[in-house]
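Reviewing the structure listed below.
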Number of protein chains: 4
Amino acid sequence: MEKDEIVLLKKPRLKKPVLVEGLPGLGLVGRIAAEHLVKKMKAEKFAVAYSTNFPPQVRIMPDGTVKMRTAEFYYVKGKKRDLVILIGDDQPLTVEAQYSFCDNVLDFAEELNIKEVITLGGYGALRQISKKRKVFGAASDKKYVKTLEKHGVLFGEVGGDIVGVAGLLVGLASARGLKSVCLMAETKGNYVDPKAAESVLEVLNSYLELNVDLKELKEKAKETEEMIRRLEAAQRAQQIPQVPKETEPLSYIR
Amino acid sequence: MEKDEIVLLKKPRLKKPVLVEGLPGLGLVGRIAAEHLVKKMKAEKFAVAYSTNFPPQVRIMPDGTVKMRTAEFYYVKGKKRDLVILIGDDQPLTVEAQYSFCDNVLDFAEELNIKEVITLGGYGALRQISKKRKVFGAASDKKYVKTLEKHGVLFGEVGGDIVGVAGLLVGLASARGLKSVCLMAETKGNYVDPKAAESVLEVLNSYLELNVDLKELKEKAKETEEMIRRLEAAQRAQQIPQVPKETEPLSYIR
Amino acid sequence: MEKDEIVLLKKPRLKKPVLVEGLPGLGLVGRIAAEHLVKKMKAEKFAVAYSTNFPPQVRIMPDGTVKMRTAEFYYVKGKKRDLVILIGDDQPLTVEAQYSFCDNVLDFAEELNIKEVITLGGYGALRQISKKRKVFGAASDKKYVKTLEKHGVLFGEVGGDIVGVAGLLVGLASARGLKSVCLMAETKGNYVDPKAAESVLEVLNSYLELNVDLKELKEKAKETEEMIRRLEAAQRAQQIPQVPKETEPLSYIR
Amino acid sequence: MEKDEIVLLKKPRLKKPVLVEGLPGLGLVGRIAAEHLVKKMKAEKFAVAYSTNFPPQVRIMPDGTVKMRTAEFYYVKGKKRDLVILIGDDQPLTVEAQYSFCDNVLDFAEELNIKEVITLGGYGALRQISKKRKVFGAASDKKYVKTLEKHGVLFGEVGGDIVGVAGLLVGLASARGLKSVCLMAETKGNYVDPKAAESVLEVLNSYLELNVDLKELKEKAKETEEMIRRLEAAQRAQQIPQVPKETEPLSYIR
């Protein structure tokens with residue numbers, strides 16, 4: 001096995017394809033959003049990415065078979081443009097492997113004639129997060145910034161670093177002259193956050209004219225919020241009195 | 001020395017060979033079972049595997065010579081099929097080395113015309129383990145699952161990940177189109193567990209028609225149990241009162 | 001992307017060029033000094049160095065674009081000799097990458113016909129540091145030592161090891177037969193130290209006849225000192241009584 | 001720079017050469033012994049070994065120049081056979097680098113027509129160590145064991161693993177068919193131990209008929225013992241009462 005390897009299951013013909021990435025990260029925002037896209041758009045798996053720096057273990061599946069730790073490529077035909085969606089179980093485990101994995105993904109993307117890369121993630125909110133989650137962006141170039149601002153993405157409002165594949169893919173794609181952006185929804189990041197995933201998908205719905213139904217995600221978001229409320233109530237009951245959380249909530253920097 | 005290297009001491013002629021792997025892992029189950037096979041079947045060493053990611057040290061042997069950290073291949077003629085047994089001192093120490101070691105083992109296996117790989121290990125029981133240890137399986141494909149179920153292996157009853165060579169070998173063998181399975185006996189994993197090794201070998205006895213005598217292993221199991229009983233009694237004597245262990249015993253996830 | 005890669009933006013014609021390096025290190029001395037050189041001499045960026053062992057993340061810039069973690073080469077024409085200045089965000093993260101990064105920088109330097117390498121840094125003072133910071137040197141050869149002593153650099157007064165790129169570049173350059181030196185200004189190293197950067201630049205002003213204005217740096221140094229004074233006063237106010245710091249100040253070994 | 005590189009300063013003509021290795025290890029025994037050999041026999045440096053996994057730093061020398069972290073080869077003419085001595089500042093820092101460094105040393109040794117490798121080290125004594133330090137051995141083959149037993153080396157008396165270059169060199173040399181042995185003198189290992197180095201050299205004096213004067217080493221040993229006695233007295237004075245150390249002294253497993 002090569003250090004990084006992508007096995008093609010089927011070679012799709014794609015029209016002006018965009019790559020959308022959703023690997024595990026803060027609040028699992030990107031992963032949830034990408035999974036929702038695959039499910040609702042009935043995207044088809046067509047390639048599997050392996051890395052010798054994914055965790056050296058296999059998952060036991062319910063039917064008694066095993067599954068290696070991988071990332072997977074799906075595609076789906078769109079009205080004007082086609083979508084390639086990259087979903088994964090893990091981030092590569094070493095610094096060097098982060099680079100080589102991203103490079104390999106981009107080589108593959110260019111073979112598929114992809115000229116635009118959108119990565120999805122969460123942005124760790126230092127203060128109370130908005131009811132309607134903001135979506136921040138960091139992109140390859142200013143022209144692309146202008147385009148995405150029209151679809152509700154906020155640029156230049158936050159700083160810091162984007163760690164991992166979601167960030168590196170944008171940096172390396174940009175260095176290759178590809179349009180690329182990381183869309184990050186506000187999240188506390190201490191819980192799985194479907195609400196943040198919803199906001200990210202609203203941007204994609206608008207920009208890529210996807211028309212993906214978000215109802216299911218809204219419901220999951222409600223369930224999660226309810227669960228967290230109960231959890232925190234239980235915690236409060238145990239450890240009274242507490243420092244009030246309203247003024248300075250937990251911060252999670254991605 | 002190459003990163004991974006297998007030195008052939010002798011080239012055996014093999015009839016429909018199966019590879020059985022037993023490296024150190026939870027409760028040393030796989031290692032003990034494989035060693036018992038080698039001893040009772042009088043298997044012959046025919047190849048040695050080196051890795052630059054085995055611990056960088058040598059063992060001082062009783063006769064004053066040194067032995068590098070290695071894994072070793074033995075073979076033995078069977079009635080219908082021949083057996084190749086892989087026993088090792090260590091797991092490779094880095095993530096990448098886990099992959100490259102397994103890949104190298106499979107290249108070698110394919111040269112030997114091996115088309116089936118069985119790895120042995122323990123499965124960390126969260127609750128009280130059965131008197132007669134269950135053997136769980138995770139395999140390359142559903143047809144193979146069906147076959148092994150007839151020999152007492154339980155599929156689909158447990159989840160989680162199989163970490164290390166025992167898991168990766170199955171995943172990578174499967175990706176090469178080889179039949180492969182990891183057989184895991186229930187174990188607490190906090191002690192060396194010959195009883196679990198016994199259960200795994202009962203499956204092999206049945207499936208491969210080996211007829212290996214397990215008496216010695218049964219005796220070791222009794223000794224170990226006796227030793228543990230005394231050890232735990234001594235611990236109880238020192239730290240009374242204790243939280244009762246019956247309701248939630250120590251759990252070891254492999 | 002290669003492990004280490006330098007992308008040329010523009011090929012400058014250089015007259016007897018000297019390489020001056022300032023990566024992050026103790027008290028940020030080298031980095032501050034190199035940045036000051038670039039700013040005051042209006043040096044022009046002409047090449048960018050990437051490494052797969054820089055942190056796998058991108059910075060979100062104020063204009064909404066991303067910037068990969070890199071090191072950058074600037075050049076500026078001098079009266080007698082031209083200057084190439086290397087500034088970076090990070091040290092490479094692994095031992096091996098430290099070597100390969102430095103080697104790559106030196107290959108590039110030799111392509112540019114550079115025959116002299118000056119690295120800048122801080123030297124962790126064990127005792128109270130002088131008001132006017134001393135500049136210690138460690139060089140490739142004794143003849144070069146003699147030359148630099150005339151410009152106020154002290155050799156043979158301190159011992160120990162120079163860790164990281166500032167040290168390795170000198171060692172590896174020397175092994176290639178290039179003149180090389182690490183200039184280290186005394187610093188406590190617990191705070192950003194513009195005053196130490198000033199001392200290092202005074203040496204460069206003298207040796208390379210640069211005539212770089214240091215006023216701005218002197219002002220920053222004053223501000224920093226004032227800030228530290230307040231900070232330490234605040235600390236003293238909180239934790240009286242304290243062990244007197246005069247006899248044995250904090251020591252930072254680089 | 002290659003991962004491992006040996007730069008030849010001068011090509012010596014050698015008569016039946018033996019390689020003697022002394023890198024830093026337990027009690028610095030091997031390093032001290034090898035240094036003593038070089039000094040007393042006036043051995044000449046003829047090659048320098050680099051590794052990209054030696055610490056990424058340079059030493060500041062008293063004359064103001066820098067020295068990279070290296071290992072060095074010296075040679076000296078003997079009556080019947082010539083000696084090649086390998087001395088180093090550090091052990092390679094990663095598992096894989098331990099292997100590649102040793103392999104590279106052995107490639108070089110074979111180019112020099114070396115067919116015998118002797119590594120020097122300390123063996124961590126679990127109990128009180130003998131006044132006259134025992135020297136334990138672990139060798140490539142039983143014939144060599146027999147030879148060395150005649151010179152006072154004890155085989156088969158201790159077990160365990162020899163960690164690092166001193167062990168790996170013997171294992172890898174043996175795998176190449178070279179005679180090789182690790183000579184380990186008893187040591188507590190918590191202090192630099194010239195007395196243990198003395199014992200190791202007595203074996204070399206006898207086996208290789210070196211006739212190296214050990215007086216200076218004996219004196220150093222006395223000084224060290226005196227220093228330790230004072231140090232321990234001072235510690236006892238501070239923390240009375242103490243658990244008596246005679247029954248179970250500090251143990252250091254190499």
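Note that the structure is predicted; figures quoted are calculated from it, not measured. All chains are named by letter (A, B, ...) in the order of the sequence lines, taking the proteins before the strands, and each is independently numbered beginning at 1.
- Under 3.5 Å, the side chains of C:Thr65 and C:Asp63 contain a donor-acceptor pair of N or O atoms.
- Proximity of the aromatic rings of C:Phe54 and A:Tyr99 is defined here by a centroid distance below 6.0 angstrom, and this criterion is not met.
- Applying the salt bridge (charged side-chain N to carboxylate O under 4.0 Å, His left out) criterion to C:Lys115, with sequence neighbours excluded, gives no partner residue.
- A side-chain donor from one of C:Tyr75 and C:Lys10 sits under 3.5 Å from a side-chain acceptor of the other.
- Under a 3.5 Å cut-off, the side chain of C:Arg69 and the backbone N or O of C:Gln57 do not form any donor-acceptor pair.
- Using a 4.5 Å cut-off between non-hydrogen atoms, the part of residues 137-149 of chain A that approaches chain C consists of A:Gly137, A:Ala138, A:Ala139, A:Ser140, A:Asp141, A:Lys142, A:Val145.
- A:Glu116 approaches A:Tyr207 most closely through the heavy-atom pair OE2-OH, 2.5 Å.
- Heavy-atom distances place both the backbone and the side chain of C:Met1 under 4.5 Å from chain A.
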Worked check of side-chain contact (heavy atoms from CB on, under 4.5 Å) between C:Val212 and C:Leu37: CA-CA 7 Å; C:Val212 169; C:Leu37 276 188; 3.8 Å; yes
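- For the ring-ring contact (aromatic ring centres under 6.0 Å, His included) test, residues two or more places apart in sequence or in another chain that qualify with A:Phe73 are A:Phe108.
- Interface check for chain A: of the options C:Asn53, C:Thr52, C:Leu93, the most heavy-atom pairs under 4.5 Å are formed by C:Thr52.
- Ranked by heavy-atom pairs under 4.5 Å with chain C, the list A:Ala97, A:Gly164, A:Gly160 is led by A:Gly160.
- If you measure heavy-atom distances from A:Gln98 to chain C, the contacts under 4.5 Å come from the side chain alone.
- When heavy atoms are compared at a cutoff of 4.5 Å, C:Thr94 does not approach chain A at all.
- Within the structure, side chain to side chain donor-acceptor pair (under 3.5 Å) pairs that include any residue of residues 164-176 of chain A comprise A:Asp103-A:Arg176, A:Asp107-A:Arg176, A:Glu110-A:Arg176 (at least two apart or interchain).
- In this structure, chain C has no heavy atom under 4.5 Å from any part of A:Leu154.
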